[in-house]
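Below is one structure, written out as structure tokens, with a few remarks after it.
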Amino acid sequence: MATLEVKNLHVEIEDEERKTKKEILKGVNLEMKTGEIHAIMGPNGTGKSTLSQTIMGQSNYHVTEGDILLNGESILEMPVDERARKGLFLAMQYPAEIQGVTNAEFLRAAINARRPENDKISVMDFLKELDKNLELLDMSQKMTERYLNEGFSGGEKKRNEILQLLMIKPNFALLDEIDSGLDIDALKVVSKGVNSMRGDNFGALIITHYQRLLNYIQPDVVHVMMGGRIVKNGPADLALKLEKEGYAGLRDELGLDVKLVDED
Amino acid sequence: MTPDKLVQIATENNEPEWFVQKRRMALDVMDELPLPEIQRFDFHNWQMTPDVSQKIRTSLQPNQNFVLTDIFDAINEYPELLQKYYMQKVIKPDENKFTAYHTAFMNQGIFLYVPKNTVIEDPIEINLEQNSQAPFISHILIVAEENTQFSFIQKMTTTGDQSAIANCIVEIVAQANSNIKYAAVDELGENVTSYLSRRAYVGQNAYVDWSIGMMNSGNTIADFDTDLYGEGSHSEIKVVDITSGRQQQGINTRVTNYGKHSIGHINQRGVIMDRSRLIFNGIGHIINGASGSNAEQQNRVLMMSSKAHGDANPILLIDENDVIAGHAASVGQVDQKQLYYLMSRGIDKKTAQRLVIRGFLGDVLVSIPSKQIREQLIQTIERKLENGQQVSENSK
Ligand SMILES: Nc1ncnc2c1ncn2[C@@H]1O[C@H](COP(=O)(O)OP(=O)(O)OP(=O)(O)O)[C@@H](O)[C@H]1O
Ligand SMILES: [Mg+2]
């Protein structure tokens, strides 16, 4: 069993134009184990992507207080690639595009990055695994010969993030709005992909705005984030309640002093 | 070298009188001629004109449908064609000191003649191996008659590691409605100082596609020229260049639109590592009368080190009103967002950097028509980048 703990995490970001610093995460606490699926919901601009990017190690986000522990070990000093090799994976809200590097070549490089020099994956094994996952995600072989995310539609990019997840098999996946922009069939396919990973060696943190995704991927815990903190934890049906009552309702119920984006 | 000695060597090599005289005249004017002009790049103290006496013969597979032969055989077997085209129609001996030197001392070469209405399915592949013990003055003359279509792939490598010079000229005559793809992967060695001049004369509705992988490890100056003479003539010029160590490279890539409705696009990408220097001059010249023509260029360089020097310098000279012309140039750093994305999948920083660089070169690489050349070039790029990363590591 692996664990991921976020302890009293404070994160700042520097506004490059105005040269000012802004605190975005204001003391986030979260504990996850493999075998569990967690969901995070929360209004726009509240810091959900910031949390996932900070866990992954994106260098624009500066941790000013608190810690992130993977299996009890602090990862704050580790570069991004090392965190990934230790078992973290982030499906990004906006994946990068790289022309000239094929999807297949990239996937192989990512798999081999986790293996010792003298034990790289064979072409046969790689293709076998790839075919299996392509089939599961209802993707065509052609997608893997195309350049990484280049010219992919929004939905294709999301599917491609999940393909990477299935190929890389991390311990913890952070899935940032993996459902946004997906049609209903694609939503089912993507959920099927994530569900196929479920098991003792896999945990996920799913960031979403829509309860609908959670019908397909049943979470064990739902966290609500507002104003840079997790303000409420609950079982799966917390998402249903939120969908009905909105964030303003919850805020007032908790007596929080948080401004929501659409109130600006 | 004295003119008498030059004449003697040429005559011993069985060269006809007109050819010997051409050498001799070039030798006569060589010293008075200026160096080629490469803006923002100083190479006046490069030693590029040693005496040459040795000739290098090239053996090639004969073919029924076209002529592909050693240039010294060609001078005797196809004298009219050679007299008409060799350093005559496309590049002239007296353009600068190095073209004159080339004419005087040319010691290796290939002649390709493709007769009218010939389509060659398989690419013609030429591997030039320069031996670092002698100067390499190499000439490729390609004459494509009307309605021809073919691809020509040229690779160039060095054996040995002595200091040497290379002066390589490629002339392409693309007659009306011909369609030619020329791909070059240049991998001259670290101690080879080279001058590369490649130029095409493009006739009516003819098309010339250049894909050039400048992977030399030594100092290089290059002139890549396309003269769009014919109405509706068209050329796409793609150059990918990587410099590392203390290498110096100055590249002129020029298109001149003479013909109405002619189209010339330049797309150059350079990666500059360590303490190397790379200057890209993209020159678009539209001659008065070339109405409806189109000249566009992109020159981009990526700086991988703060000690590197790079410049992307677009030069547009437009003497006609009714045209479309444009340019884009940039000098930048590795795309951090791409680097992060790759690293977030566990790929180590150096490998990720190489992939991001590939992404930067991507839009030039993907437009290289032959998959085979593309893959070879990618391998070469990978190797060169790895070596470059190693060099930077060691010099830290
Ligand atoms: N790189 C950045 N530069 C400047 N501001 C940033 C940056 N990243 C995040 N922010 C700011 O931090 C706040 C939180 O952003 P974040 O992307 O984490 O929100 P989110 O909860 O993921 O929102 P959404 O639901 O819209 O995706 C926002 O006000 C945002 O503008
Ligand atoms: Mg977000």
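Chain letters run A, B, ... following the sequence lines, proteins first and then strands; every chain starts at 1.
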Query - Under 4.5 Å from any heavy atom of chain B - which part of A/Asn149 - result: side chain
**Report entry** Atom CG of A/Asp200: over 12 foreign heavy atoms under 6.0 Å
**Finding:** no
Report task. Can you sort out the partners of B/Ser276 under side-chain hydrogen bond (donor to acceptor under 3.5 Å, both in side chains), two or more places apart, ordered by chain and number? Result -> B/Thr243
Requested in this report: Please flag which part of A/Gln164 lies under 4.5 Å from any non-hydrogen atom of chain B: side chain, backbone, both or neither.
Outcome: side chain
Query - For chain A, the option from B/Asp335, B/Val364, B/Leu361, B/Val366 that forms the most heavy-atom pairs under 4.5 Å - result: B/Val366
Report summary line: Note: B/Lys337 and A/Tyr94 closest approach over all heavy atoms is NZ-O, 3.3 Å
Query raised in the report: Is the number of heavy atoms from other residues, nucleotides or ligands within 6.0 Å of CG (B/Asn313) greater than 12?
Result: yes
Query raised in the report: Side chain, backbone, both or neither: which part of A/Tyr147 has an atom under 4.5 Å from a heavy atom of chain B?
Result: side chain
Query raised in the report: Under the side chain to side chain contact (heavy atoms under 4.5 Å, CB included) criterion, do A/Phe106 and B/Tyr341 qualify, and how do the steps go?
Result: CA-CA 11 Å; A/Phe106 161 67; B/Tyr341 185 70; 4.2 Å; yes
Query - More than 12 heavy atoms of other groups within 6.0 Å of A/Lys169 NZ - result: yes
Query raised in the report: Taking atom NZ of A/Lys157 as the centre, does the number of heavy atoms from other residues, nucleotides or ligands within less than 6.0 Å exceed 12?
Result: yes
Requested in this report: First locate atom CD1 of A/Ile168, then atom OG of B/Ser344, and finally report the distance between them rounded to the nearest 0.5 Å.
Outcome: 8.0 Å
Report summary line: If one checks every heavy atom of A/Glu105 against chain B at 4.5 Å, the contacting part turns out to be side chain
**Report entry** Residue A/Leu148 versus chain B: region with a heavy atom under 4.5 Å
**Finding:** side chain
Query raised in the report: By number, which residues in residues 345-358 of chain B have some heavy atom less than 4.5 Å away from chain A?
Result: B/Arg345, B/Gly346, B/Ile347, B/Asp348, B/Lys349, B/Leu355, B/Arg358
Query - More than 12 heavy atoms from other groups under 6.0 Å of CD on A/Glu129 - result: yes
Requested in this report: Step through the shown structure and confirm whether more than 12 heavy atoms of other residues, nucleotides or ligands are within 6.0 Å of CZ on A/Arg115.
Outcome: yes
**Report entry** Within 6.0 angstrom of A/Lys21 NZ, more than 12 heavy atoms from elsewhere
**Finding:** no
Query - Residue list, side-chain contact (heavy atoms from CB on, under 4.5 Å) with A/Ser122, at least two apart or on another chain - result: A/Met124, A/Asp125
Query raised in the report: Any chance CD of B/Glu386 has more than 12 other-residue heavy atoms, nucleotides or ligands included, within less than 6.0 Å?
Result: yes
Query raised in the report: Is there any residue in residues 80-91 of chain A with a non-hydrogen atom under 4.5 Å from a non-hydrogen atom of chain B, and which ones are they?
Result: A/Val80, A/Asp81, A/Ala84, A/Arg85, A/Leu88, A/Phe89, A/Leu90, A/Ala91
